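Since the structure comes first, as structure tokens, the remarks are kept for the end.
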Number of protein chains: 2
Amino acid sequence: MLSQTVEYALRAVVHLADHAPEARTTDQIAEATHVPKPYLSKVLQGLARAKIVHSRRGAGGGVTLAKTPDKLTILEVVNALEPLPRIRECPLGLAAHGVRLCPLHKRLDDAFAIMEKAFRQTTLAEILAEPTSSRPLCEGPKRIRLK
Amino acid sequence: MLSQTVEYALRAVVHLADHAPEARTTDQIAEATHVPKPYLSKVLQGLARAKIVHSRRGAGGGVTLAKTPDKLTILEVVNALEPLPRIRECPLGLAAHGVRLCPLHKRLDDAFAIMEKAFRQTTLAEILAEPTSSRPLCEGPKRIRLK
DNA sequence: CAGGAATTGGATGTCAAGGTCCATTTCGGA
DNA sequence: TCCGAAATGGACCTTGACATCCAATTCCTG
């Protein structure tokens, strides 16, 4: 559910939003989010292809958000890398083309629809503005067991 | 999202509920649900281990639901094979043990919680009783492209 | 314009999910 | 009691997700 890749992407994007509009290097993001740097670079490439972030090479380069945090939703980030699996037609591949799903798949898709809605309504800015004590990425000086 | 295995399990269980309390063989279920028989047998074994279904070997054997359809929920089936990934502590492995999640992971877990609730409220009987024309498994004589 | 900082792209490795196959065990019926 | 129907368990194969590493490219700065 929500692949590891998406989890990593969300952490990275939250970090970028937290520092917007300044650019951050892959190393800085990797350290802050505890994502393996080599893999993070791939994830970031994916986000760049999807126009979620911009990246600039060379000295002084790094990654920045393509939008301001108040215009970027969780859904956009999720869908950029692994679209929510909405069920649009009978997975059994039978008749019903565009026709409404059988009760089982209707229920499942309803659940995904609710998730999609929740994600579409949440912007990065909202996450950062949350009136809570704990910082968005649980950042802190002490790093414990990664498991 | 919701692995293929879970999708197969749900189809199988719906089929069993539709024929309850009679036993169905793996072959019968495989044909009705369009799930590859060899793999279906593994899925069914998993459901049996989780006490969702009973299975009897030998001639006249087959698989039956362990509960009546009105007492079996989608959530039970899902959790038997791949529990919904509720986020109980900071995935970054930092401090906050049992403490409340950072805003990002709180939002994600909220979405899973909603899904969980929806699944817990839906019984197999409800799915079968749905006032709709299309049968639960989109069953029908004509089999089209599986893709 | 040279050197280092930084992303990019490609090749490669690892592991679990999905899927198949077969020998074995279990059980009903003739 | 014997045969065939049926699930079981284990071995095996394939593919994609996750992850790593390195050479090439880009571009700022002195």
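Labels below follow one simple rule: chain letters A, B, ... track the order of the sequence lines, proteins then strands, and each chain is numbered from 1. In this text the structure is predicted, and so the values were computed from the model without any measurement.
For R56(B), the listed nucleotide lying nearest its side chain is dG28(C); candidates were dG28(C), dG19(C), dA6(C). With dT25(C), dT7(C), dG10(C) as the choices, the nucleotide that has an atom nearest any side-chain atom of K42(A) turns out to be dG10(C). The side chain of P38(A) approaches dT20(D) more closely than any other nucleotide in the set dT20(D), dG18(C), dG9(C). The side chain of V63(A) has dT7(C) as its nearest neighbour among dT7(C), dT8(D), dA6(D). When each of dT20(D), dT8(D), dG4(D) is scored by its nearest atom to the side-chain atoms of S41(B), the top-ranked nucleotide is dT8(D). Candidate nucleotides dC18(D), dA19(D), dG18(C) were compared by shortest atom distance to the side chain of T5(A), and dC18(D) ranks first. Comparing dG19(C), dC27(C), dA19(D) by their nearest atom to the side chain of A59(B) picks out dC27(C).
Taking 4.0 angstrom as the limit, S55(A) places a side-chain polar atom (N or O) nearer than this to OP1 or OP2 of dT8(C). Applying the 4.0 Å criterion to OP1 and OP2 of dA17(D), one finds that Y39(A) has every side-chain N and O outside that range. The shortest distance between the side-chain N/O atoms of T26(A) and the OP1/OP2 oxygens of dA6(C) is not below 4.0 Å.
Rounded to whole angstrom, the span from the CG atom of L40(B) across to the P atom of dT8(D) amounts to 11 Å. In this entry the distance linking CD1 of I29(B) with C1' of dA6(D) reads 12 Å, nearest Å. Taking atom CD of residue E7(B) and atom P of nucleotide dA17(C), one finds them 18 Å apart after rounding to whole Å. At whole-Å resolution of the value, CG in L2(B) and P in dG18(C) are 11 Å apart.
Note: Q45(A) CD to L40(A) CG = 10.5 Å, rounded to the nearest 0.5 Å.
Judged by distance alone, with hydrogens and angles left aside, R57(B) brings no side-chain donor or acceptor close enough to the base of dT8(D) to form a pair under 3.5 Å.
The shortest side-chain heavy-atom distance between T33(B) and V14(B) does not fall under the 4.5 Å cut-off.
Each of G60(A) and V6(A) has a nearest nucleotide on DNA chain D; the 5'-most of these lies closest to V6(A). A residue-by-residue look at K37(B) and D27(A) shows that D27(A) has its nearest nucleotide of DNA chain C further toward the 5' end.
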**Message:** Run T25(A) and D27(A) through side-chain hydrogen bond (donor to acceptor under 3.5 Å, both in side chains) and show every step you take.
**Reply:** CA-CA 5 Å; T25(A) 69; D27(A) 290 77; 4.5 Å; no

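For P103(B) against I127(A), the heavy-atom pair with the smallest separation is CB-O, 3.4 Å. In terms of heavy atoms, T73(B) sits closest to R120(B) at CG2-O, 3.4 Å.
Nucleic acid contact class of Q4(A) (heavy atoms, under 4.0 Å, all strands): sugar-phosphate only.
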